[in-house]
Amino acid sequence: MNEHNAQQNSGELAKTFEPAGIEAKWYAHWESNGLFRPERPDAQPYTIVNPPPNVTGSLHIGHALDNTLQDVVIRYERLRGKDALWVVGTDHAGIATQMVVERQMEAKGDKRSNYTRDEFIGKVWEWKHESGGTITGQLRRLGCSMDWSREQFTMDPHFTKAVVKVFVDLHKQGLIYRDKRLVNWDPKLKTAISDLEVETRETQGGFWHFKYPLADGVTRDDGLDYIEVATTRPETMLADMCVAVHPEDSRYASVIGKDILQPLTGRRFKVVADEHADPELGSGAVKITPGHDFNDFEVGKRAGIKAADMLNMFDAEAKVVQTADGLVPAEFIGMDRFDARKLVVERMKEAGFLIPHVTTDKEGNEVSADFEPRTIQTPFGDRGGVVIEPWLTDQWYVDAETLAQPAIAAVKSGEIEIVPKTWEKTFFNWMENIQPWCVSRQLWWGHRIPAWYGSDGQCYVAETEEEAQAKAGASVTLSRDEDVLDTWFSSALWPFATLGWPEDHPPQHGEGDHAQHGGGGSPHAQPFGDNPLHHPAGGPPPRSGEDRSLLAKHYPNDLLISGFDILFFWDARMAMQGLHFMKEVPWKKLYLHGLVRAADGAKMSKSKGNVVDPLLLIDKYGADALRFFMCAMESQGRDVKMDERRVEGYRNFATKLWNAARFCQSNGITGSTSVAAPAATSAVNKWIIGEVVETVAALDQAMADLRFDAAANTVYHFVWDQFCDWYIELVKGNFDAETRAVAGWVLDQILVMLHPFMPFVTEELWHSLGKREGELIVAAWPDPQASVDPAAKREVEWLIALVSNLRTAKNELGIAPGAKLDAYLPDPSDQTRGIIEANPAAIERLARLNGIRFAAAPAGAAMQVGAGDANIVVPLEGVIDIAAEKARLEKALAVSQKETKSLEGRLGNPSFVEKAKPEAVEKARADHAMHAAEAERLAAALARLG
RNA sequence: GGGCGUAUAGCUCAGUGGUAGAGCACUAUGUUGACAUCGUAGGGGUCGCAAGUUCAAUCCUUGCUACGCCCA
């Protein structure tokens, strides 16, 4: 603890809380003293892994939400004494990062192809080193207490090792395979992308109708010598391989199996029967381009066309190339896909094969157009932003369907709890319909696929080239697969690879031992059963022992917090890989939060220009205020709408706390040395201790429920409404030793409870209030070891009621709030007399009364104020007119009578008394008695006025 | 087309089977041993619409309307 003491503050607090300096000071102090992960070898572990942000990115408002929530949880658990580990790191973000570097090159008139692969990757690494610190620095500004000493990067050598092992193992198990099929091809980025990276957007397009003539003089039953087909993509005509009609469509029954002679290419192909053709839609016949359309691919396969034989008419940039049969007219070769579309239509029209789209205009005249306008669901690449082209290529696929089963089971069994629960349905819906996951990317930046090809075309998957060579034999020349893996393939390993897997792993079990998992009666379901595909990567982590590895101790993680937008991209894949390789769920709970939206509810985006920079908010209001805002607004299942005024409000809250502490400090109040509440004799002190007890309980409950809004509001209201508004006001002027001890203790409890939400201001105040053994960040969570004292609670609440009611009455009667008045209470109950006698100072200072005399008030104008059962008479001869006081009392009486009557009605209803819950009846009776008594008091008060 | 969500005070949002709360904004006001980034008091809501269940519905059920998101 040595040098920390130098940090301790002395001297008076400034009048206003100035966040900037305090934030910088404490963050550096915490980090340099290892306080984000104190040594707690025997403590219960608590683990969260941070969704790794893109290494070259910067902090946006969504990160601020996501990381605030995680930091609140990890600070809370750390304060509760756990071995709290928050794993942090960055993601190499394959496509995104490569795009950034390529854009930088373009800006300088340079391009990727001017470099070798190694040179280019070197440049990306340079950029990583240059900008990689931006976001981590910004996370520090937000106050995030991650374990930076173990900061990770998804392309660290140990991570690469994990990725390669996973790939090789899955391949051995048949869960990764190479396949030739249609992929979503991004012609701008020139890479395959997965289904998830495709965004479908509506575009305005057309629907063209063409005649496809039957060959060999064949005609349909109705005499026509052609089939009408319609398409939104005429250019694909250059690679058509059949026309499909529904098998039961009588219009075409006689021509099934006959040939079409495609007019533009002169290609001959068959009319096939396939249920994909919908007789209700258009002509009922569809042209089939198996190499360039997902549906057509399936039709083609059913028609007996092998993937390898499907015609391809595009290169990687979606420019027209010659098909294998050489039938594409020369004028199309090299043409962009959209230009080709126009030319195809033009040529077909010239040759008389275009069927015009005819409509009638307002005047009833026929209008003819080349095509029917249509809204088309068009796939776009989410990164490149251009229309995706289905393209026939060899890619690597993960058998996601197999891997998904244990993950589905884990959520079903409750091993993974998804919060809020409504997301379960979405999760199941996707997982149960999951498609093979295309994981290869035609990029340079990323984890290169550990596959080598021999000159014979044979593929060898191995962890190293040596191993591949050994498999292939020394005589074979190998070349490595050029492609890299989808970024999400590596980040899926985050919950265990960051903890040292595969090196940090228990000894391998012997052969044939693979059915053993979870030694010592693991309660977990064993979703792998005896599936021979599942060879565990090793045994389960040991369950006990002094030297449990980091992995054994912190896997499964306790909680994952992520935005719902990456539920499929990341969360689901972690669940799959974690269960497959670790035999246990990656985390016990998955908390999904929403998006942060702009003030008008719109999605924030750079293109809209409505992004709010969290760093600017931190500069303006302080990190504590921004964090508190995020928590207070985070109710489950709802997006957070940006509201800067609310951030401002929480900055004000920090200042309020600051000033309360300043006031305490100036009255000789110092930090407490005890976790347990000090002994108290006075009612106010007993009361506030009881309020702390209740607040801690409410806060713990909210945290257990992951209700960040409830947690934040609980502390907020305790600090402002209870501590500042009443406790401090009640004890002002009476700072005896007991009160100083209690006030100091309460303030400490506030600082601890508030610390997860507002770490900076609380740490600063913690040290301002006295010489401490250690920092607040590692202090002990409240454990008051006290209980609520009902008599003290009643007493203080009576005083609060008296003061509030007096203020209201004075305000309504136009009496100066500061006016000090006399008061009479002729016949107090013993309890009320006791309260009044015990609190002369509060009655004088807060109620602004010259005491309360237990005697009848002198005759004359007076206002009458209730508190509990007491009706206090305040003579106001010459100050008010009786009519005003009468009106005031009458208004109050009317309210009381209305309530009384309504409750009377309910209680008079026999079905209510018979059928309602006894508690409800009891409550109604109590409320009725209370309102009736109040009405009686007011009626008596009115009578006294005459 | 399928799925999910939302609709409560002027705004942003909590909430409960027993006729509703917060923050901000608004109105009035400035007295008390920190705080005007504050204090005090106040106004403001047939809880989207309709039907049903119930002794009782803002809350449960069904339908409708509007808006948003995801998947096809």
Side-chain angles (χ1 to χ4, degrees), chain A residues 12-13 15-18 195-196 199-200 377 420 422-430 433 564-565 567-568 594-595 597 599-603 621-622 625 628-629 632-667 669 707 709-710 712-713 716-717 720-721 724-725 728-729 731-735 803-812 814-820 842 844-848 898-899 902-903 905-917 919-921 923-924 927:
Chain A
E12 272 180 47
L13 288 164
K15 194 172 169 184
T16 313
F17 162 53
E18 296 293 347
D195 297 345
L196 282 177
E199 272 176 21
T200 308
Q377 303 294 325
T422 47
W423 283 104
E424 279 186 2
K425 210 161 183 174
T426 307
F427 176 83
F428 290 136
N429 188 42
W430 188 70
N433 296 294
F564 65 72
D565 52 329
L567 173 61
F568 305 142
L595 262 48
R597 297 181 168 276
D600 61 359
K603 205 167 164 177
Y621 303 107
F628 207 89
F629 165 78
M633 299 307 289
E634 175 56 24
S635 57
Q636 291 175 5
R638 200 168 182 132
D639 287 342
V640 171
K641 228 179 262 188
M642 195 57 225
D643 183 357
E644 191 170 328
R645 309 198 70 151
R646 199 136 179 170
V647 182
E648 188 185 2
Y650 293 124
R651 187 272 318 263
N652 296 353
F653 173 61
T655 304
K656 181 78 181 175
L657 173 70
W658 179 271
N659 277 301
R662 190 162 71 94
F663 179 66
C664 290
Q665 187 195 46
S666 70
N667 282 287
I669 289 162
R707 285 304 305 248
D709 55 344
N713 286 328
Y716 180 95
H717 288 293
W720 205 312
D721 302 349
C724 292
D725 284 356
I728 288 184
E729 294 303 330
V731 300
K732 261 181 191 172
N734 182 29
F735 286 106
V803 172
S804 301
N805 293 344
L806 268 165
R807 283 173 180 164
T808 305
K810 279 171 146 179
N811 196 288
E812 283 178 7
I815 298 161
K820 207 121 180 230
E844 192 183 331
R845 223 190 40 261
L846 286 188
R848 307 291 293 165
K898 193 183 154 213
E899 287 293 331
S902 146
L903 285 159
R906 197 185 301 166
L907 286 162
N909 177 355
S911 0
F912 172 69
V913 182
E914 281 160 31
K915 295 186 183 171
K917 284 176 295 184
E919 309 93 86
V921 178
K923 173 137 194 320
D927 287 353

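Proteins come first, then strands; the chains are lettered A, B, ... in the order of their sequence lines, and each starts at number 1.
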Undergrad: Would one find a side-chain N or O of A/N652 under 4.0 angstrom from OP1 or OP2 of B/C38?
TA: yes

Undergrad: Between atom CG in A/N667 and atom C1' in B/G33, what is the gap in whole Å?
TA: 7 Å

Undergrad: Considering every strand and a 4.0 Å limit on heavy-atom distances, what is the contact class for A/M642: base, sugar-phosphate, or nothing?
TA: nothing

Undergrad: Reckon A/E648 touches a base, only the sugar-phosphate, or nothing at all at heavy-atom distances under 4.0 Å?
TA: nothing

Undergrad: Does anything in residues 649-659 of chain A pair up under salt bridge (charged side-chain N to carboxylate O under 4.0 Å, His left out), and if so which pairs, sequence neighbours excluded?
TA: A/E648-A/R651

Undergrad: Partner lookup for B/U29, please. Criteria are Watson-Crick or G-U wobble with both distances under 3.5 angstrom; report none if nothing qualifies.
TA: B/G39

Undergrad: Does a side-chain N or O of A/R646 approach OP1 or OP2 of B/C13 to a distance below 4.0 Å, or not?
TA: no

Undergrad: When you measure only distances, ignoring hydrogens and angles, does the side chain of A/R848 come within 3.5 Å of the base of B/U31 through a donor and an acceptor?
TA: no

Undergrad: Checking all strands, does A/R651 fall into the base, sugar-phosphate, or nothing category for heavy-atom contacts under 4.0 angstrom?
TA: base

Undergrad: OP1, OP2 of B/A14 versus side-chain N and O of A/R707: anything below 4.0 Å?
TA: no

Undergrad: Quick check: does any side chain N or O of A/R845 sit under 3.5 Å from a backbone N or O of A/E729, one acting as donor and the other as acceptor?
TA: yes

Undergrad: Does B/U29 have its OP1 or OP2 closer than 4.0 Å to a side-chain nitrogen or oxygen of A/K810?
TA: no

Undergrad: At under 4.0 Å between heavy atoms, what does A/R645 touch on the DNA or RNA strands: base, sugar-phosphate, or nothing?
TA: sugar-phosphate

Undergrad: For A/F735 and A/F663, take the angle between the two ring planes, folded into 0 to 90°, and tell me which bin it lands in: parallel under 30, tilted 30 to 60, perpendicular over 60.
TA: perpendicular

Undergrad: State whether A/R807 places a side-chain N or O below 4.0 Å from either non-bridging phosphate oxygen (OP1 or OP2) of B/U32.
TA: no

Undergrad: What N/O pairs connect the protein and nucleotides 18-20 of chain B at under 3.5 Å? Give each pair on its own line.
TA:
from: B/G18; atom 1: O2'; to: A/R906; atom 2: NH1; distance (Å): 3.1

Undergrad: Which of parallel (below 30°), tilted (30 to 60°) and perpendicular (above 60°) describes A/F653 and A/Y716?
TA: tilted

Undergrad: Ignoring hydrogens and angles, answer whether the base of B/A34 and the side-chain atoms of A/E729 contain a donor-acceptor pair closer than 3.5 Å.
TA: yes

Undergrad: With no angle test and no hydrogens, is the base of B/C4 tied to the side chain of A/K425 by a donor-acceptor pair under 3.5 Å?
TA: no

Undergrad: Please check: side-chain N/O of A/T808 versus main-chain N/O of A/S804, any donor-acceptor pairing under 3.5 Å?
TA: yes

Undergrad: Give A/N909 one of three labels, base, sugar-phosphate or nothing, depending on what nucleic acid heavy atoms sit under 4.0 Å from its own.
TA: sugar-phosphate

Undergrad: Does B/A7 have a Watson-Crick or wobble partner in any strand here, with both distances under 3.5 angstrom, and which is it?
TA: B/U65

Undergrad: Is the NZ atom of A/K603 crowded by more than 12 outside heavy atoms at less than 6.0 Å?
TA: no

Undergrad: Closer than 4.0 Å, any side-chain N/O of A/K656 to the OP1 or OP2 of B/C38?
TA: no

Undergrad: Please state whether the phosphate of B/G33, meaning OP1 or OP2, lies under 4.0 angstrom from any side-chain nitrogen or oxygen of A/K732.
TA: no

Undergrad: Give a yes/no on whether any side-chain N or O of A/W720 is located under 4.0 angstrom from OP1 or OP2 of B/U37.
TA: no

Undergrad: What does A/G733 touch in the nucleic acid at a heavy-atom separation under 4.0 angstrom: a base, only the sugar-phosphate, or nothing?
TA: base

Undergrad: Ignoring hydrogens and angles, state whether a donor on the side chain of A/N909 or A/R906 is under 3.5 Å from an acceptor on the partner side chain.
TA: no

Undergrad: Regarding A/R638, tell me which of base, sugar-phosphate or nothing describes its non-hydrogen contacts under 4.0 Å with the strands shown.
TA: sugar-phosphate

Undergrad: With a 3.5 Å limit on both atom pairs, tell me what B/A22 is paired to, counting Watson-Crick and G-U wobble, or say none.
TA: B/U12

